[in-house]
Protein chains: 2
Amino acid sequence: MEQIDEIDKTILRLLQQDAKLTTKEIAAQLSLTLSPVYERIKRLENLGFIKQYVAILDKTRLGRPITTFCQVSMRYHDKAFIEKFEEEVQKLEEVQECYHMAGQVDFLLKINISSLDEYHDFVKNKLSQIENIGILNSTFVLKEIKHELGYRV
Amino acid sequence: MEQIDEIDKTILRLLQQDAKLTTKEIAAQLSLTLSPVYERIKRLENLGFIKQYVAILDKTRLGRPITTFCQVSMRYHDKAFIEKFEEEVQKLEEVQECYHMAGQVDFLLKINISSLDEYHDFVKNKLSQIENIGILNSTFVLKEIKHELGYRV
DNA sequence: AATGAAATCGTTCACAA
DNA sequence: TTGTGAACGATTTCATT
């Protein structure tokens with residue numbers, strides 16, 4: 001059984017907004033007792049609908065308020081080069097997200113940094129050190145307009 | 001007082017990996033008792049270092065495995081048009097993230113969808129309905145290479 | 001700031017319906 | 001699949017160092 005019903009969806013919606021809700025609080029919203037809610041949460045965890053519970057931190061408070069997106073195009077598209085890049089990018093702590101893209105650009109990187117100086121250092125001494133990079137195109141985030149943490153359920 | 005020390009940083013690091021860690025477990029890792037750890041967590045919450053606790057769901061399991069990035073350039077750059085766009089984009093449930101960017105492209109949107117059909121519908125009937133959009137450029141994610149949920153602490 | 005203890009509250013599970 | 005209740009463990013508060 002891998003299906004979920006409306007009750008499960010409500011549970012997911014609630015936990016996606018606030019992982020600290022108690023079983024009791026969720027049960028109250030659903031007009032159920034603790035056990036069914038408890039069992040359903042365990043099931044949603046076991047089936048992999050819920051992957052993890054995390055604390056969301058404030059990047060500005062942590063001293064790294066700047067976000068940039070960097071488009072990377074490889075010079076050659078040999079499998080070995082691609083895999084090497086994917087491997088190296090895992091090691092770069094500034095890179096928060098990396099996507100292999102369809103289209104002209106091979107990779108899109110989301111990077112989180114404290115200053116333009118740090119970005120300069122990152123591009124010059126870390127990113128550009130990876131073999132076979134052709135074009136780098138960085139754009140800076142001026143303002144986060146929307147940032148939904150959860151998915152539609 | 002808004003400073004945090006190494007102990008606080010360790011707590012943040014642990015909680016951004018696993019929000020379900022008990023105070024006891026964290027205290028054990030730090031060789032401390034419950035109270036100081038408890039007080040520090042409360043303090044980090046109150047100071048806004050910890051913004052939220054959330055459950056991370058599996059978008060594939062939820063039936064929306066496709067991610068696209070869409071670059072949007074406005075035709076004219078009047079304040080009113082910009083603000084109108086920012087407002088409309090909040091309402092579009094497919095748009096998970098939206099950034100106002102420096103450079104040629106005005107906005108970068110991260111979009112989460114179930115199928116190419118849904119994306120077609122989204123672009124044609126929702127996004128393009130917003131006034132004053134000049135250029136739209138969509139690229140699809142082939143593979144998530146890296147997706148760090150937390151920040152460096 | 002940290003410790004240790006005490007009260008309250010939540011989680012977990014066996015069993016019943 | 002859901003409800004009840006009991007045992008266990010976690011959270012929260014506070015007097016003390």
Side-chain angles (χ1 to χ4, degrees), chain A residues 1-64 148-153, chain B residues 1-64 148-153:
Chain A
M1 262 285 258
E2 309 229 342
Q3 290 300 72
I4 59 170
D5 61 16
E6 280 308 315
I7 295 176
D8 290 318
K9 287 184 184 175
T10 305
I11 293 173
L12 291 176
R13 238 177 266 122
L14 290 168
L15 287 176
Q16 198 171 49
Q17 285 165 223
D18 183 1
K20 287 281 150 132
L21 285 173
T22 63
T23 311
K24 196 177 173 182
E25 289 169 316
I26 297 170
Q29 294 217 36
L30 291 163
S31 306
L32 283 168
T33 52
L34 300 187
S35 328
V37 174
Y38 174 77
E39 295 301 338
R40 279 168 183 271
I41 294 171
K42 288 296 154 228
R43 184 163 161 273
L44 291 167
E45 288 169 3
N46 290 333
L47 289 177
F49 283 91
I50 298 171
K51 292 200 293 187
Q52 212 181 345
Y53 296 95
V54 303
I56 303 297
L57 307 187
D58 186 317
K59 62 174 182 292
T60 303
R61 273 242 182 258
L62 294 172
R64 275 182 256 270
E148 290 286 335
L149 295 162
Y151 300 105
R152 285 176 283 159
V153 183
Chain B
M1 260 288 256
E2 309 228 341
Q3 290 299 74
I4 60 171
D5 62 15
E6 279 308 316
I7 296 176
D8 290 319
K9 287 185 184 175
T10 305
I11 293 174
L12 291 175
R13 238 177 266 123
L14 291 168
L15 287 176
Q16 81 174 345
Q17 282 166 225
D18 183 1
K20 289 278 151 138
L21 286 173
T22 63
T23 311
K24 194 177 174 181
E25 289 169 316
I26 297 170
Q29 294 217 34
L30 290 163
S31 307
L32 282 169
T33 50
L34 301 186
S35 322
V37 175
Y38 176 77
E39 296 300 338
R40 279 167 183 273
I41 293 171
K42 289 294 156 229
R43 183 163 161 274
L44 292 167
E45 288 169 3
N46 291 333
L47 290 177
F49 284 91
I50 298 172
K51 293 200 292 186
Q52 213 183 343
Y53 296 95
V54 303
I56 304 298
L57 308 187
D58 186 316
K59 61 176 183 295
T60 303
R61 273 244 182 258
L62 293 171
R64 275 183 254 270
E148 289 285 335
L149 295 161
Y151 301 104
R152 284 176 285 159
V153 183

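Order of the sequence lines fixes the chain letters, A, B, ..., with proteins taken first and strands second; residue numbering starts at 1 for each chain.
- Distances from the side chain of B:Tyr38 to the nucleotides D:dT12, D:dT1, C:dA1 place D:dT12 closest.
- Side-chain atoms of B:Thr10 come within 3.5 Å of backbone atoms of B:Glu6 as a donor-acceptor pair (strictly under, hydrogens ignored).
- Distance check, rounded to the nearest 0.5 Å: CD1 of A:Ile11 to CD1 of A:Ile4 gives 9.5 Å.
- Atom pair A:Ile41:CD1 and C:dC13:C1' shows a separation of 15 Å (rounding to whole Å applied).
- Between B:Asp58 and B:Thr60, the shortest heavy-atom contact is OD1-N, 2.9 Å.
- Under the side-chain contact (heavy atoms from CB on, under 4.5 Å) criterion, B:Gln52 pairs with A:Ile56, A:Leu149, B:Val54, sequence neighbours left out.
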Would you tabulate the pairs of protein nitrogen or oxygen atoms and nucleotide nitrogen or oxygen atoms of nucleotides 4-6 of chain D closer than 3.5 angstrom?
unit_1 : atom_1 : unit_2  : atom_2 : d
D:dT4  : O4     : A:Ser35 : OG     : 2.7

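- Every salt bridge (Lys or Arg N to Asp or Glu O under 4.0 Å) that A:Arg61 has, sequence neighbours left out, goes to B:Glu2.
- Distance CD (A:Glu39) to C1' (D:dG3): 12 Å, rounded to an integer number of Å.
- At least one donor-acceptor pair under 3.5 Å links the side chain of B:Asp8 to the backbone N or O of B:Asp5.
- Shown here are the salt bridge (Lys or Arg N to Asp or Glu O under 4.0 Å) partners of A:Lys42, two or more places apart in sequence or in another chain: A:Glu45.
- Among pairs with a residue in residues 19-33 of chain A, none fulfils salt bridge (charged side-chain N to carboxylate O under 4.0 Å, His left out), at least two apart in sequence or across chains.
- Summarising the geometry, the separation between CG on A:Asp5 and C1' on D:dT2 is reported as 13 Å, rounded to the nearest angstrom.
- Contact check of residues 19-32 of chain B against DNA chain C (heavy atom, cut-off under 4.0 Å) returns B:Leu32.
- As rounded to whole Å, 12 Å separates atom C1' of C:dG10 from atom NZ of A:Lys42.
- In this model, the phosphate group of C:dA2 is approached by a side-chain N or O of B:Arg40 to a distance below 4.0 Å at OP1 or OP2.
- In this structure, A:Ile11 places its CD1 atom 13 Å from C1' of D:dT1, rounding to the nearest Å.
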